[in-house]
Trainee: 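There's a structure below that I have some questions on.
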2 protein chains.
Amino acid sequence: MVDPGADISAPNAAGPPTAPKGVQAADAGSTTNAPGEPTPTAPRQLPIILDRNSPVPLYHQLAQAIEAAIRSGELSPGDRLENELSMTTRLGLARPTARQAIGELARKGLVVRKRGVGTQVLSPRINRETRLSSLYEDLQAAGRRPETRLLSYELGVSAEDLLSSGVELAETELSGEFLKITRLRIADGLPLAILTNHLPARLAVSEADLAGTGLYAALRARGVNLRVAHQTVSARLMTADEGKLLAERRPAACLTALRVVYDDSGRLVEIGQHVYRASHYSLEVSLAP
Amino acid sequence: MVDPGADISAPNAAGPPTAPKGVQAADAGSTTNAPGEPTPTAPRQLPIILDRNSPVPLYHQLAQAIEAAIRSGELSPGDRLENELSMTTRLGLARPTARQAIGELARKGLVVRKRGVGTQVLSPRINRETRLSSLYEDLQAAGRRPETRLLSYELGVSAEDLLSSGVELAETELSGEFLKITRLRIADGLPLAILTNHLPARLAVSEADLAGTGLYAALRARGVNLRVAHQTVSARLMTADEGKLLAERRPAACLTALRVVYDDSGRLVEIGQHVYRASHYSLEVSLAP
DNA sequence: TAGTGGTCTAGACCACTTA
DNA sequence: AAGTGGTCTAGACCACTAT
């Protein structure tokens, strides 16, 4: 259907030492036992050590320890976690603390809690997260060689022409001066995307910053906490200019994304208009219930 | 850039009585005050009534009450919530209970908590959620008139041909018999998408169920709790058949989505291959930090 | 220094599932 | 009936922010 060759999915930040490759179907297809939920086994007592002097909260230490056990394969899909009471007495914690840890994992989709039953580990395949990541970082994480070619860099431009492009933004947010940059993103020598970004002038990054790293890394370095983003994704035919830059013979389809990013107090950080070479790129999206 | 005419975004389930239309820029552009964060005012004491005999947990009652106040405009962006101590003594709750309620709202992106400062209401514009919704329901919620034309309905087919289409699934999950359906989705008389779905035979829905409603509604009616889904989104040129069904003159671009849905215990529920008419459809995606 | 949210404890009772 | 997670209480101390 779609060439998955350039499918870029960001692996989780904490790299598992022994990542489970593919799917380890523990049991064959017994029809009563669903494939996603292999033979449940007895609860396991994980060898967890907590550092009460660490600035990292106990519940988070615990959550990370369990997550590591899941990602390393020490706990397999279908395994039951040690029950909350046993875990808390064993580790010298109060129940709410342990519950906070397990709740964190449940929200991430790593485990399911069932009243009267216990907490079960889910198949890691269904755990990928939708992250606010930059293409640059995604490419790096996937072990590819990203490059950037700065096509234009204009400081002090207006962003009000964006109003007509379907962005759902208030006029007040688009007033003032902006930095507009256009970049060509290349991976392993192949052009992959044309990225156009508008940033409020107060966040202007230098041309040098953009060359060596991704835009988001540059913003984080300036102390911006990225928080919420929306993306509107669609597709259309490439224009002649786009086809030339992306090395596609026309007619060709491109994937388009219009992204609006805010920081943790709701201030506008960036508006990105991205054009991806659809034949070499696909987007991973997770959906919540 | 992209025709936003058919942009389908699902509004939140709980309809606000007096939804704030557009953006109510409370203050003009004083350069020190960011547009997303209008004039913070003094904390407000909401008139909240809790029903201790209700089966709905107190923390959830509280969260819903605050959310309703935000969505109705009773609390505006930038307003500070009553502080936790005051709220708990006033409502006769323990602090963790109130914290659980506010935490729920913070995770949804409705409020920000800042230590030493308080809890502030965020602009509702940045609160849209990525939901596991069906196209049918999205269209209904947007006030449009969805129709479905069943193009094919085959029971007992194999799904192993999907392995080559880039789905990341175990072979064991694709073994067994499947129901394969192909539908044309129409909104207000315009063809919008071709939807191909594979369901495990145990979840086979009847042709009648599909006609009157969406696939997910039919599944929920059978007691299936949808839980996790991944979508791989890309684009390509339409084939001749697709162009005919979707009433597009070629060459034309289409948006493609490959969706895998699990239930709350990790069992495979559905594999969907969707082809959208890109000129009339775009996808809304939210991204977490 | 006063006020805020962040973490944590040590219990209690309840609802649900399974045997 | 036994075991599990779900909810809730009534406190405690700490870290951070503003003044």
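A, B, ... follow the sequence lines: proteins, then strands. Residue 1 opens every chain. Nothing here was measured: the structure is a model prediction, and the numbers come from that model.
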Trainee: Whole angstrom is fine here: how far is it from CZ in A/R113 over to C1' in C/dT17?
Mentor: 17 Å
Trainee: Can you see whether B/R259 engages B/Q231 through a side-chain donor-acceptor pair at a distance of less than 3.5 angstrom?
Mentor: yes
Trainee: Atom CE of B/M87 to atom P of C/dG3: distance rounded to whole Å?
Mentor: 18 Å
Trainee: What is the distance, rounded to the nearest whole Å, between atom CG of B/L81 and atom P of C/dG5?
Mentor: 8 Å
Trainee: Can you tell me if B/T97 touches the phosphate of D/dT7, counting only side-chain N or O atoms and a distance under 4.0 Å to OP1 or OP2?
Mentor: no
Trainee: For B/T119 and C/dG5, is the shortest distance between a side-chain N/O and OP1 or OP2 below 4.0 Å?
Mentor: yes
Trainee: Kindly indicate whether the side chain of A/Q100, heavy atoms from C-beta on, has any atom under 4.5 Å from the side chain of A/T97.
Mentor: no
Trainee: Which whole-number value in Å describes the distance from B/E104 CD to D/dG6 P?
Mentor: 14 Å
Trainee: Tell me which residues in residues 57-66 of chain B lie within less than 4.0 Å of DNA chain C, going by non-hydrogen atoms.
Mentor: none
Trainee: Would you say B/V205 and B/L215 make side-chain contact, with heavy atoms under 4.5 Å?
Mentor: yes
Trainee: Is a donor from one side chain sitting under 3.5 angstrom from an acceptor on the other, for B/Y216 and B/E270?
Mentor: yes
Trainee: What I want to find out is whether B/E67 reaches B/R71 closely enough, with some N-O distance under 4.0 Å, to be called a salt bridge.
Mentor: yes
Trainee: Taking only the side-chain nitrogens and oxygens of B/R99, find out if one of them lies under 4.0 Å from OP1 or OP2 of C/dT4.
Mentor: no
Trainee: For nucleotides 10-19 of chain D, which of its nitrogen or oxygen atoms have a protein nitrogen or oxygen under 3.5 Å away, and what is each distance?
Mentor:
unit_1, atom_1, unit_2, atom_2, d
D/dA15, O4', B/R115, NH1, 2.8

Trainee: Run the side chain to side chain contact (heavy atoms under 4.5 Å, CB included) test on A/L219 and A/L199 for me, step by step, so that the C-alpha distance in whole Å, both residues' side-chain angles and the decisive distance to 0.1 Å come before the verdict.
Mentor: CA-CA 10 Å; A/L219 288 172; A/L199 291 95; 3.8 Å; yes
Trainee: Round to the nearest Å and state the distance from A/N83 atom CG to C/dC16 atom C1'.
Mentor: 15 Å
Trainee: Rounded to whole Å, how long is the line connecting atom CG of A/L50 with atom P of C/dC8?
Mentor: 10 Å
Trainee: In this structure, how many angstroms lie between the P atom of D/dT4 and the CD atom of A/Q120, rounded?
Mentor: 13 Å
Trainee: Answer yes or no: is there a donor N or O on one side and an acceptor on the other, between the side chain of B/R222 and the main chain of B/A204, under 3.5 Å?
Mentor: yes
Trainee: Starting at atom CZ of A/R80, determine the distance to atom P of D/dT4, rounded to an integer number of angstrom.
Mentor: 7 Å
Trainee: Mind checking side-chain hydrogen bond (donor to acceptor under 3.5 Å, both in side chains) for A/R95 and listing every partner two or more places apart, or none if nothing turns up?
Mentor: A/E84
Trainee: Are side-chain heavy atoms of A/M87 and A/L62 found at a separation under 4.5 Å?
Mentor: yes
